[in-house]
Amino acid sequence: PEWKESLSGLIKQRPNRRLLGVFYPYAWFYQKGNKGKTNGFKRWLQEIGEEPVILDTSKTDQSTNQFSLYMRKHGFFNAVITDSTRYDGQNAIVSYKVKSGEPFTVRNINYTTDDTVLYHELDVLRRQTSLRHGDRYDEDQFDKERERITNHLRDKGYYSFNKNYIAFEVDTNMGGHQADLRINLN
């Protein structure tokens with residue numbers, strides 16, 4: 001899936017680098033540079049090496065929470081994220097499992113405002129939107145729409161209008177993994 005690579009970037013704790021997939025020379029360099037009396041060579045070993053990574057379970061929890069937020073932000077409201085840690089001697093191997101479930105899609109898009117001056121712009125905004133019925137729910141696309149609306153209204157002379165005046169209300173109660181969007185301009 002397209003989200004798999006994005007999730008790997010959210011992992012909060014990375015293991016030490018390996019050489020040939022087996023050896024940890026950078027951690028070894030660091031440890032050798034820390035033993036005994038400090039000299040120029042040992043400082044150099046510390047610089048090219050890396051401090052051994054100690055498993056921090058709170059970072060594992062943070063990663064799991066970040067995965068969950070990412071999946072919800074991209075329409076996978078029922079995603080289940082689990083983590084497990086396996087110990088192999090001094091090494092800890094953390095695995096994450098993501099069951100995405102079915103993504104929610106956009107069913108209806110409505111633009112509203114209580115401002116009578118902005119009301120006449122709603123029709124133009126509706127026609128120019130990149131949001132489409134049937135698209136997967138994606139908050140990144142909503143942010144782009146928020147920017148588009150802000151730029152359009154500023155071009156029309158509403159210079160003090162900013163994106164904080166735009167609120168997205170999402171209703172997923174109708175079932176069928178669908179969401180109705182209501183875009184409020186205040």
Inter-residue atom distance L69.CG - L10.CG, 0.5 Å rounding:
9.0 Å
Heavy atoms only: give me the nearest F168-R146 pair and the separation to one decimal.
CD1-NH2, 2.9 Å
OH (Y96) and CD1 (I81) are apart, to the nearest 0.5 Å, by 11.5 Å
Spell out, as yes or no, whether a donor-acceptor pair under 3.5 Å connects the side chain of H74 to the backbone of Y70.
yes
Nearest 0.5 angstrom please: F161 CZ to K156 NZ, how far?
14.5 Å
Apply side-chain contact (heavy atoms from CB on, under 4.5 Å) to Q141 and E139, showing your working.
CA-CA 5 Å; Q141 293 301 318; E139 290 181 18; over 6 Å; no
Atom pair CD/CZ of Q178 and R107 - distance to nearest 0.5 Å:
6.0 Å
Are the side chains of R182 and D171 in contact, using a 4.5 Å heavy-atom criterion?
no
Considering only NZ, NE, NH1 and NH2 on the basic side and carboxylate oxygens on the acidic side, decide whether R132 and D135 come within less than 4.0 Å.
no
NZ on K12 to OG on S58, rounded to 0.5 Å:
11.5 Å
So which heavy atom on T85 is nearest to which on V94, and how close?
OG1-CG2, 3.9 Å
Do F104 and F76 have their ring centres less than 6.0 Å from each other?
no
Could you state the interatomic distance from CG (L185) to OH (Y111), rounded to the nearest 0.5 Å?
8.5 Å
Can you tell if the side chain of Y165 reaches within under 4.5 Å of the side chain of N184, non-hydrogen atoms only?
no
Do T105 and H177 come within less than 4.5 Å of each other through their side chains, counting heavy atoms only?
no
Is a side-chain N or O of T113 found less than 3.5 angstrom from the main chain of N186, in a donor-acceptor match?
no
What I'd like to find out is whether the side chain of V170 reaches to under 4.5 Å of the side chain of Y137, using heavy atoms alone.
yes
Between I166 and I149 the two heavy atoms that sit nearest each other are CD1-CG2, 3.6 Å
With a 4.5 Å cut-off on side-chain heavy-atom distances among I, L, V, M, F, W and Y, is there a chain of contacts connecting F77 to M174?
no
Partners passing side chain to side chain donor-acceptor pair (under 3.5 Å) against Q62 (at least two apart in sequence or in another chain):
none
Return the minimal non-hydrogen interatomic distance between H133 and I109, and the atom names on each side.
CE1-N, 3.8 Å
Cationic N near anionic O, under 4.0 Å, R148 to E145:
yes
Any side-chain to backbone donor/acceptor pair from T64 onto T60? Under 3.5 Å, distance only.
yes
Which pair of heavy atoms, one from R136 and one from P103, lies closest together, and at what distance?
CD-CB, 3.5 Å
What are the two closest heavy atoms between N164 and N162, and how far apart are they?
N-OD1, 2.7 Å
List the steps, then state whether side-chain contact (heavy atoms from CB on, under 4.5 Å) holds for R86 with S95.
CA-CA 8 Å; R86 183 172 55 89; S95 301; over 6 Å; no
Does a side chain donor of either S68 or R72 reach within less than 3.5 Å of an acceptor in the other side chain?
yes
Would a single hydrophobic cluster contain both V124 and Y158, if residues Ile, Leu, Val, Met, Phe, Trp and Tyr are joined by side-chain heavy-atom contacts under 4.5 Å?
no
Between K73 and D140 (salt bridge meaning N to carboxylate O under 4.0 Å), is one present in this structure?
yes
Give the intermediate values and the outcome of side-chain contact (heavy atoms from CB on, under 4.5 Å) for residues N108 and L181.
CA-CA 6 Å; N108 292 314; L181 297 181; over 6 Å; no
Quick one: do I183 and V117 end up in the same hydrophobic cluster if we chain Ile, Leu, Val, Met, Phe, Trp and Tyr together by side-chain heavy atoms under 4.5 Å apart?
yes
Flag side-chain contact, heavy atom, 4.5 Å: I93 against Y87
no
Hey, mind stepping through L131 and F142 against side-chain contact (heavy atoms from CB on, under 4.5 Å) and telling me if it holds?
CA-CA 8 Å; L131 301 176; F142 301 166; 4.0 Å; yes
